Number of protein chains: 2
Amino acid sequence: MPVVTITDVASRVGVSVATISRFLSGGNVREEKKIRSVIQELNYRPNIAARNLKSGRSATVAIIVPDISNPFFAALVRGAEKASGDSLMAAIVNTDSNSEREINALANLYGRVDGAIFVPTKESDHKNGLSHFGRPIVFVDRYLQKEKKYDTVLADNARGAELAVEHFASEGHTKIAIISGPLDSTPGRQREEGFRKALDNSKIGANPNYVIVSDFTQAGGYAAMNQLLDLAEPPTAVFSSNNLMTYGALNALKDRGVRVPSDISFIGFDDFELSTLISPKITVINRDAEAQGAEAMRALMWRLENMDSKISKHSVIPVNLIKRESVTIPRTWDLQNSHKVKERQSQTSDHSNNKEKVNE
Amino acid sequence: MPVVTITDVASRVGVSVATISRFLSGGNVREEKKIRSVIQELNYRPNIAARNLKSGRSATVAIIVPDISNPFFAALVRGAEKASGDSLMAAIVNTDSNSEREINALANLYGRVDGAIFVPTKESDHKNGLSHFGRPIVFVDRYLQKEKKYDTVLADNARGAELAVEHFASEGHTKIAIISGPLDSTPGRQREEGFRKALDNSKIGANPNYVIVSDFTQAGGYAAMNQLLDLAEPPTAVFSSNNLMTYGALNALKDRGVRVPSDISFIGFDDFELSTLISPKITVINRDAEAQGAEAMRALMWRLENMDSKISKHSVIPVNLIKRESVTIPRTWDLQNSHKVKERQSQTSDHSNNKEKVNE
DNA sequence: TTGTAGGCGTTATCAA
DNA sequence: TTGATAACGCCTACAA
C-alpha cells in the first residue's frame with residue numbers, strides 16, 4: 001500500500017506542491033484537468049493528520065453521552081450527526097453515567113476534537129476540568145450550575161412536569177406522585193421542581209411520600225414504583241421523570257397486577273418507540289430529541305466559527321403532552337360514585353390480566 | 001489560551017525536546033521528577049495531530065452503522081466501545097442505510113482512523129472502494145460475498161430462523177410466513193435461507209405467498225404484515241426478521257384487531273427492551289448484541305497489531321430462542337378440533353400471567 | 001498563476 | 001543518557 005502524497009501528485013503533473021495544494025483548496029490553477037486525472041489515477045487522498053497539524057483543527061467533534069442505548073440519547077446523537085453534514089466528524093463517547101469516565105473522556109479527547117457536545121451525568125463535577133479542555137463545549141440536557149459561559153440546549157423540563165401534573169389534576173387526581181431522577185442532574189432537578197410548582201399552583205401541594213428520588217434507570221423505576229405501591233395510601237397518578245424509569249415502573253405495575261389507568265394513571269417523560277404498542281398506550285410528555293441534538297450541533301458549529309464571542313447562547317426545546325390512554329379519572333373518585341364503579345368493573349373484567357388489586 | 005508545546009517544557013526544564021519526548025514515551029531520563037512537575041505546572045498536553053502525523057496512526061477507529069437509534073446497533077456500539085478501553089477512540093458514523101452516505105463516510109474517514117468496524121447496508125456495494133480505504137475493516141452482521149479477506153463477526157442468522165420455524169412446527173403450525181429483510185443484506189438473506197431450509201427439513205415446504213421481502217424498517221414490517229393478513233388464506237404463524245419490522249408487524253396486528261397468539265403466532269428476530277411489557281410478551285430469537293460488538297472490536301484491535309497476517313477471522317455469535325407468550329397452537333388446527341377451541345378460548349381470556357421461559 | 005521555503009509539534013536516528 | 005536534526009504531509013506567505 002504505497003502512500004501517495006501531494007508531492008507525488010505534483011511531480012507526476014509536473015507542477016509544484018503548492019499548485020496542487022491550491023487546487024485542493026479550490027484555488028485557480030491552469031492544469032486543473034490534468035491534476036484531477038492524476039489524483040484519480042494515483043488515488044491520492046490528503047493526509048488528514050498533516051492537515052490538522054497545520055490548521056490546528058481536527059474537523060472532529062465529540063458527542064459525550066451517558067448511554068447511547070437509551071433511545072433518547074440515540075435520537076439526540078442522530079439529530080446532531082445529521083446537522084453536522086459532511087463537514088464534521090462526530091466521535092461518540094459513552095460514559096456509562098460514570099463521572100470518572102467522563103473526566104477521562106474529556107482528557108482523552110483533548111487535542112483530537114475541535115469541540116464537544118456534552119451531556120454530563122451530574123451538575124456538580126467538572127468544576128475545573130473543563131477549562132483544561134480548552135475548546136468550545138455545548139451542554140445538552142444538563143448544565144453546570146456555576147458556569148454560565150457555556151452554550152446550552154435544554155428541554156423545557158419544568159414545563160413538562162407541569163403539563164403532566166395539570167393533566168392529572170384536570171382529571172380529578174390529588175394523590176399525584178413523581179418518580180424523579182437524581183436531583184443533582186439538571187433534568188432530574190428541573191422536572192422535580194416543575195412537579196412541585198404545579199402541585200402548589202393547583203392548591204394540591206406535594207406530599208413528601210409521593211416524591212421518590214430515583215436514578216433514571218429501569219431498575220430504579222421498578223423499585224420506585226413498588227415503593228409507591230407499598231404506601232398505606234398509594235397515589236392514584238404517577239409521573240415518571242424519564243423513559244427508562246417508565247419502563248421499570250410499568251413493569252412493576254404489570255408484575256403486581258395493577259391496572260393502568262383503571263387503578264393508577266400514568267404519564268412518562270419522553271416518548272418511546274413502543275409507547276403505542278403496549279396496552280394501554282402511554283400518555284407522555286414529549287420533545288423532539290433529534291431537534292435537540294441538531295440544535296446542539298448548530299450551536300457548536302456556530303461557536304467554532306465565533307470562538308471569540310463572549311455571549312453564551314441558551315436554547316430551550318419545547319415539550320408537549322401527548323394524550324393517549326394511560327390517564328383517566330382517579331379510582332378514589334370512582335368510589336364516591338359507586339354506580340360508576342360497577343360499570344367500570346364489568347368493563348375491565350374481560351381484560352383478564354387482573355390479579356390482586358392494591359388496597360387504598 | 002497559550003498553546004504549550006514540548007519545546008516549552010524542554011526549555012523550562014533545561015533539557016532538549018528529545019529528552020521530553022523520551023520521557024513521554026516511557027524512556028529513562030535523569031530529570032524525570034522535574035519534567036513531571038513542569039508538565040503539570042504548564043499543563044502541557046501532547047498535540048495528537050502531530051503525533052499522528054509522525055506515527056501514521058490516529059488511535060481512532062470508526063464504527064459505521066446504518067442506524068444508531070436501532071436498539072441492536074446501539075447495543076453493538078456500546079459493546080464495541082467497552083471493549084476498546086481507553087486505548088482507542090471510537091467515531092460512530094450513521095449512514096441512514098444509505099449506500100451513498102456509506103461511500104462518503106469511508107472516503108471521509110480515510111486517514112483519520114486506523115481501521116473500522118463496518119455494518120454495510122448491502123452486500124453488493126463497495127466492490128472497489130474498500131481497497132482504497134487501505135485500513136483494516138471488520139465486517140459486522142454483514143459481509144461482502146466476494147471478499148473473503150476481511151474479518152467478520154456475524155450472528156448465526158440461519159440457525160435463528162431455523163429455531164423459529166422449528167418452534168412453530170412443534171406447535172403444529174404449517175402455514176408459516178416470514179417477513180424477510182432485503183435479500184441483498186447478509187442477515188436478510190441468511191435468515192430467509194434458514195427459514196426455507198427449516199421448512200424443507202420439516203417437510204412443510206415454503207409457500208411463496210408466505211415470503212414477504214421487506215426492508216428492515218418499522219413501516220416495512222407494518223406493510224408486510226398487512227399483506228399477509230390480506231391473503232385469502234393468511235398464515236397462522238409469522239416470523240419477523242428483525243426488531244423494527246417486529247414493531248411494525250405488531251402494530252399492524254393491533255390495528256386490525258388480530259390477536260396474538262390466539263389468531264396468529266409470532267416470533268421476532270432480536271429481542272427488544274419492551275418485549276416483556278407488551279401483551280402478549282413476544283417470543284424472540286435472541287443474540288448478545290454487546291458481545292457481538294465487543295468481539296468485533298477485539299478482532300479489529302488484533303488486526304491492527306497484526307496487519308500483515310494473511311489469515312482472516314470469522315466469528316459467529318450464537319442465537320437462542322426465548323420462549324414467551326406469542327406462540328401457541330395454530331388456529332386452523334383448533335378449527336378442526338372444535339372441542340379444543342372452546343377450551344383454548346377460555347384459556348386465552350386469562351393470558352399474560354405466564355412466566356418467561358428461556359431455553360438453554 | 002506559479003514555485004520556494006519555512007513551519008506546524010512530535011518522534012526517531014545518530015552522534016556525542 | 002543526551003541533544004541536534006531530519007523527517008511526517010500539508011499549507012501559506014512571499015517572491016517571481
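None of these values were measured; they are calculated from a predicted model. All values below were derived from every heavy atom in this structure, side-chain atoms included, with hydrogens, water molecules and symmetry-related copies excluded. Protein chains get the first letters and strands the later ones, always in sequence-line order, with residue 1 at the start of each.
- With rounding to the nearest 0.5 angstrom, the CE atom of B:Met89 is 10.0 Å from the CD1 atom of A:Ile92.
- Salt-bridge annotation for A:Asp141 and A:Arg287: present, with a side-chain N of the basic residue lying under 4.0 Å from a carboxylate O of the acidic one.
- Side-chain contact annotation: A:Asn52 with A:Ser58, donor-acceptor N/O pair under 3.5 Å absent.
- Of the N and O atoms on the side chains of A:Arg112 and A:Thr60, not one donor lies less than 3.5 Å from an acceptor on the other residue.
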How would you summarise protein contacts on nucleotides 7-16 of chain C per nucleotide, using B for base, S for sugar-phosphate only and - for none, with heavy-atom distances below 4.0 Å? BBBBBB----
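- A side-chain donor-acceptor contact under 3.5 Å links A:Thr121 and A:Glu102.
- Within the 4.5 Å cutoff, no side-chain heavy atoms of A:Ile6 are placed close to those of A:Pro46.
- The pair A:Arg78-A:Glu81 does not meet the salt-bridge criterion, since no charged nitrogen lies less than 4.0 angstrom from a carboxylate oxygen.
- A nucleotide of DNA chain D counts as in contact with chain B when one of its atoms lies under 4.0 Å from a heavy atom; the first and last such, 5' to 3', are D:dT1 to D:dG9.
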